[in-house]
Structure formats: structure tokens, C-alpha cells
Number of protein chains: 2
Amino acid sequence: MTSKQPTSRIRKSPEQVRSAVHQAVIDLMSAPGGVELTIPAIAHHAGVNHTSVYRRWGSREALLADVVTTRLERDWPLHDTGTLRGDLTAWAEAGVASIRTPEGRLLVRAVALSMPSSAHTQAERAQHFQRRLHSIERIRERAAARGENPPPVEEILDQLVAPLYLRAIFGIDPPATGYPELLVDRLLGNTRTPGTAEA
Amino acid sequence: MTSKQPTSRIRKSPEQVRSAVHQAVIDLMSAPGGVELTIPAIAHHAGVNHTSVYRRWGSREALLADVVTTRLERDWPLHDTGTLRGDLTAWAEAGVASIRTPEGRLLVRAVALSMPSSAHTQAERAQHFQRRLHSIERIRERAAARGENPPPVEEILDQLVAPLYLRAIFGIDPPATGYPELLVDRLLGNTRTPGTAEA
DNA sequence: CATCGTAAGCACAGATGTTTGCTTATGGGC
DNA sequence: GCCCATAAGCAAACATCTGTGCTTACGATG
């Protein structure tokens, strides 16, 4: 007991820790039964010492934000289809696909909540949301560059983003078929031939 | 230590406790800087012993749910205007008024969160949401009884509820004027003045 | 006015989450 | 191949939240 024998103390590399912790967050979020999702629990599930998590991310809030943005940007990417309608529909389709999985719903929910107990300031939260909205802005810019006339952001927010987020947050399944197209039709007008609808 | 002198131990009545705790939750939620919103903190702010809170509500989740439903039912009530359009507009107006205040936004947000760390099952969460949706159902029933033909719940969800909730959660201010009417027009069709207004 | 059930307050114990000082693998640069 | 900065692992202290047994004020009932 006096000496410390090098008890073959295997350790993970920083990248391994990052990966394992991220996966553990996803696993525990998706787990049924309301797991606690505390740092000790996450670290244990990841096979990592909890101090490593504390030192690297500092707080659970920061950890969740990291996981969420990483995953969302991977699972809800931005496509370039060549038309405004195509881009919006693709975006909605990716969203629908995401919120059909428990993991996806939880990710979107996590964006909305961000912080379980401690509360971000509103400005901070809005900024966080801005990152998510960035893809919408890009879609609008591309459409404008093509000479199309995209609806204002507020309309896209109300008619495209809001329904998807609401369903993700409250776990309401979207209609089985045609939902992305339905939303885009409401937004752009049900005219497949552009030009007549508003704006 | 041997004797217990009745040190004029003033105590609040159950109703006083309830009121003080509810108010403390609101105060701490509205407080800037990300207060912890733990039961001890709430109890302290309310001037109540924390055991009283534990024994009465059991968990923070139950306490928040109680506060939120109480307040929301008071601040976001249901009006009977005699027409479907009127009822929906009134509902949207109440919602807009609510989410214009920081407290109102936080209440709506709290409905979305419901549970900070522990996670409700999806069914449980959906049920919780159902309570909020009850007013929508009532509006539809009344309209049907009048012989009107209300839109399906899903449409009201997408076009009326979702925009309000999204704005509440992310702190996006609704348009300064005419927003309730705009949402209802989108939902029911802009049958009154076929204006071009989409701005 | 006396009695009784309810529930608030208090003190303390138990469990859980958070933080710190230290040791020592790991991987890159010289 | 040696040396060094980085960061993971460990243990123990620390803070905080959660729960329990008990006393006792409050209000209702007779």
C-alpha cells in the first residue's frame, strides 16, 4: 500500500473520451424510464472518469450543447436542390426524419431547453437558436441569388420551423405521408407553377 | 439544548405556503442570471422550510407543473365569442399577450420542459400537452355545435399553436400588430378581405 | 371552551453531485 | 530515443440536495 504499483492503468485518448462521452449522452437520452442524465451517470456509462468530463466540459449544460449541435448539424444537414421549393422541402424532410426517432426528438428538445436547471439568458438562447436558423437564412440567400423571391423569415418560422419543433418537443408524430410537402405548400402556395403566390 | 423553549415559532398556514411557494417559483424563474430553481432555493425565497415543499409536492417537477398549469389557466383563459374565428383569435390574442411578458414565456417554456433532468415518457409528456390542448378541443366542439366546420386539430396545431409556442420558447417577439388575426387568417383562409397582405 | 386532525417547522442523517491535488499515461517535437 | 506539455485517472474532501422522525402551531368541530 505504500508504493503505487503501476496497475496497468489503461486510459483513453482525448478523442476516445470525447467520442465515448458523446455516445453516452445519446444513449442515456434515448433510454426509457427517465434516466438522470447527470455527469456521473454519463461518465460511468462512457467508461470514463467523471472528473475528465467535469474538467473538459465544465458543466452538463455545456456538454449537452456540444453534443446537440454536433449531432444536429450532422443529422439535419442542408441540401442544395436548385430551387427554393426543393430546398425547403428537403429541409423539412430532414427534419421530419429526425423527429421520427426518439434521439432526434430529444436533440431538438435539447436545443429548446438547452439548460435543465440553470437558465440561459434570453439573448443567449436566441443566439443559440440563430445557429439553427442559419440554414434557413442560407436557403433564402440562395433563392434570392437565383432570382426567386423567398418568403420572409418570419413566415418560414411560423409555417415550417414551428410545426416541426412543436412536434419534436411534444412528441407528436407528423402525418405519415406528404407532411414536408404539405408544409411547403402552405408556405409557398399550392401552386406548382411559381409566380402566382404571395410575394 | 435540553429544553425546547417555544421560541415563538411562527408558521404559515397551508394556503400561505402554497401562495408563497408559487410566487417564489415565478420570481426565481424570472430572475436573471440562471438561478438554480432547486427546492431548497425556492423554499428559502418563499420563507418556507424546504421540508414543507418536499412533503407537499414531492418533487420539483410536480411543483413546477402545478405552478405552470395554475398560472397558464389563469393568464391564458378561454373566451366564448360566439364564432369559431372569434374564439381562435381571442385564444391567439391571449397567447400573444402572455408571451410578450418574460413570465409568460417562461411558463410556456416550462410546459415544454416539464422535466429538467428526469424525463417523462413520451406518452406522459403528450398527455401533459393534452391538457394545454384542451382549450383547442373545446373551441372546436363549440364550433361544431354551432354548425361551423372547424379545421382538424393538426392544422390548428401547425398554424396557430406552433408559432406561438416557438416564439415563446425562443423568445422571438411576435409582429407588433395584427399577429393573431394573421395566424387565424392563414388557418381559416383570408375570407374577409382578400388582401395581398403577406408581410 | 376542550379536543383532535392536519400540516408546518426543526434538526439531523443519508445520498448524490461537484471540485481539487496529485499521479502518470499518451503523443508530439527536438 | 529523450523530454515535455497535455489531459486522463484516482482518491478524498466539499457542497448540495433529498428524505425522515419528531415536535408543535393552527383551525375546525363538537
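Order of the sequence lines fixes the chain letters, A, B, ..., with proteins taken first and strands second; residue numbering starts at 1 for each chain. As the structure is a prediction and not an experimental result, all values here were calculated from the model. Worth knowing before you read on, the calculation uses all heavy atoms, side chains too, and leaves out hydrogens, waters and symmetry mates.
- Applying the 4.0 Å criterion to OP1 and OP2 of D:dA8, one finds that A:Arg56 has a side-chain N or O inside that range.
- With contacts defined as side-chain heavy-atom distances shorter than 4.5 Å, the pair A:Pro151/A:Leu187 qualifies.
- Counting to the nearest Å, the P atom of C:dG9 and the NE2 atom of B:His44 are 14 Å from each other.
- Within the 3.5 Å criterion, the main-chain N or O of A:Leu84 finds a donor-acceptor partner in the side chain of A:Glu148.
- The pair A:Glu103-A:Arg71 meets the salt-bridge criterion, with a side-chain N (NZ, NE, NH1 or NH2) lying under 4.0 Å from an Asp/Glu carboxylate O.
- Between the CD1 atom of A:Ile42 and the P atom of C:dT16 there is a distance of 16 Å, rounded to whole Å.
- Distances from the side chain of B:Arg55 to the nucleotides C:dG17, C:dC10, D:dC17 place C:dC10 closest.
- Nearest-nucleotide assignment on DNA chain C puts the 5′-proximal partner with B:Lys12, out of A:Lys12 and B:Lys12.
- Of the side-chain N and O atoms in A:Thr38, one or more sit less than 4.0 angstrom from OP1 or OP2 of C:dG17.
- Although no hydrogens or angles enter the test, the distance criterion places no donor-acceptor pair under 3.5 Å between the side chain of B:Arg60 and the main chain of B:Ile39.
- Within residues 46-53 of chain A, the residues approaching DNA chain C are A:His50, A:Thr51, by heavy-atom distance under 4.0 Å.
- In this structure, B:Leu63 places its CG atom 11 Å from P of D:dT18, rounding to the nearest Å.
- Put simply, B:Tyr54 has a side-chain N or O that comes within less than 4.0 Å of OP1 or OP2 on D:dT18.
- If B:Ser59 and B:Ser13 are placed on DNA chain D by their nearest nucleotide, the residue sitting closer to the 5' end is B:Ser59.
- Between the B:Asp87 side chain and the B:Thr81 main chain, a donor and an acceptor come within less than 3.5 Å of each other.
- Within 3.5 Å, a donor on the side chain of A:Arg11 pairs with an acceptor on the base of D:dA7, or the reverse.
- For the residue pair A:Tyr179/A:Arg167, the side-chain donor-acceptor check at 3.5 Å is satisfied.
- In the region residues 14-27 of chain B, proximity to DNA chain C at under 4.0 angstrom, judged on heavy atoms, holds for B:Pro14, B:Val17.
- For residues 56-81 of chain B, every residue pair satisfying the ring pair (Phe, Tyr, Trp, His ring centres under 6.0 Å) rule, not counting sequence neighbours, is listed here: B:Trp76-B:Trp91.
- One can place CZ of A:Arg60 at 13 Å from C1' of D:dC17, the figure rounded to the nearest angstrom.
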